[in-house]
Amino acid sequence: MSTNPVHEIDELSFDAEVLEAGVPVLVEFTATWCPPCRALAPILSRLAEEGAGRLKVVAVDGDRCPALARRFNVRAFPTVVALDAGKEVARHVGLTTKEKLLKLVEGRGSAAAGGDRAPSPA
């Protein structure tokens, strides 16, 4: 039985896990009630496994950590935020592919592509 490579973090572990990470990080803001979030989970797990050592993937439950969701202006679930050296470089709102997420974290994605800059409320 394998362990999920996407670790859930909270306000207490966020800085150490994300801002102080030595690699780019994808942060998924998720909710247990969200069907697109459940569909995105295996995609993020594969990305985390394949990118081990080159990138990190973590999840934040927006319902359990509303202060973090507000801090990153999350208005809909799932929202995936790519950070590099502690700075946001891109984001995607909604279900997407592994390839598009990889482009976000590698800096080849556009933060405004697909209307990601102004997500509609859930």
Nearest non-hydrogen partners of [X] and [Y], listed with the distance:
{"X": "C65", "Y": "E11", "result": "CA-OE2, 3.3 Å"}
{"X": "E28", "Y": "P78", "result": "OE2-CB, 3.8 Å"}
{"X": "S13", "Y": "I9", "result": "OG-CB, 3.3 Å"}
{"X": "E50", "Y": "R54", "result": "O-NH2, 3.2 Å"}
{"X": "V89", "Y": "L104", "result": "CG2-O, 4.1 Å"}
{"X": "V74", "Y": "A76", "result": "CG1-O, 3.5 Å"}

Any non-hydrogen side-chain atom of [X] less than 4.5 Å from a side-chain atom of [Y]?
{"X": "L83", "Y": "V18", "answer": "yes"}
{"X": "E8", "Y": "D61", "answer": "yes"}
{"X": "T30", "Y": "F77", "answer": "no"}
{"X": "T79", "Y": "F72", "answer": "no"}
{"X": "F14", "Y": "V58", "answer": "no"}
{"X": "T97", "Y": "I43", "answer": "no"}

**Study point:** Same cluster (ILVMFWY, side-chain, under 4.5 Å), L68 and W33
**Key:**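 Yes, L68 and W33 fall within the same hydrophobic cluster.
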Check your understanding: If you group Ile, Leu, Val, Met, Phe, Trp and Tyr by side-chain heavy-atom gaps below 4.5 Å, do V27 and V23 land in one group?
Key ->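 The answer is no; the residues belong to distinct hydrophobic clusters.
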Interatomic spacing from [atom1] in [X] to [atom2] in [Y] - rounded to 0.5 Å:
{"X": "K87", "Y": "L19", "atom1": "NZ", "atom2": "CG", "value": "8.5 Å"}
{"X": "R91", "Y": "F29", "atom1": "CZ", "atom2": "CZ", "value": "7.5 Å"}
{"X": "T96", "Y": "L102", "atom1": "OG1", "atom2": "CG", "value": "11.0 Å"}

Check your understanding: How would you list, by chain and number, every residue that makes a side-chain hydrogen bond (donor to acceptor under 3.5 Å, both in side chains) with D84, sequence neighbours excluded?
Key ->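 With sequence neighbours excluded, D84 shows a side-chain hydrogen bond (donor to acceptor under 3.5 Å, both in side chains) to no residue whatsoever.
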Exercise for review: Starting from the C-alpha separation in whole Å, work towards a yes-or-no answer on side chain to side chain contact (heavy atoms under 4.5 Å, CB included) for L101 and V57.
Suggested key: CA-CA 11 Å; L101 290 172; V57 182; over 6 Å; no
Review point. Below 4.0 angstrom, N of the basic side chain to O of the carboxylate: do E17 and K56 qualify?
Key: yes
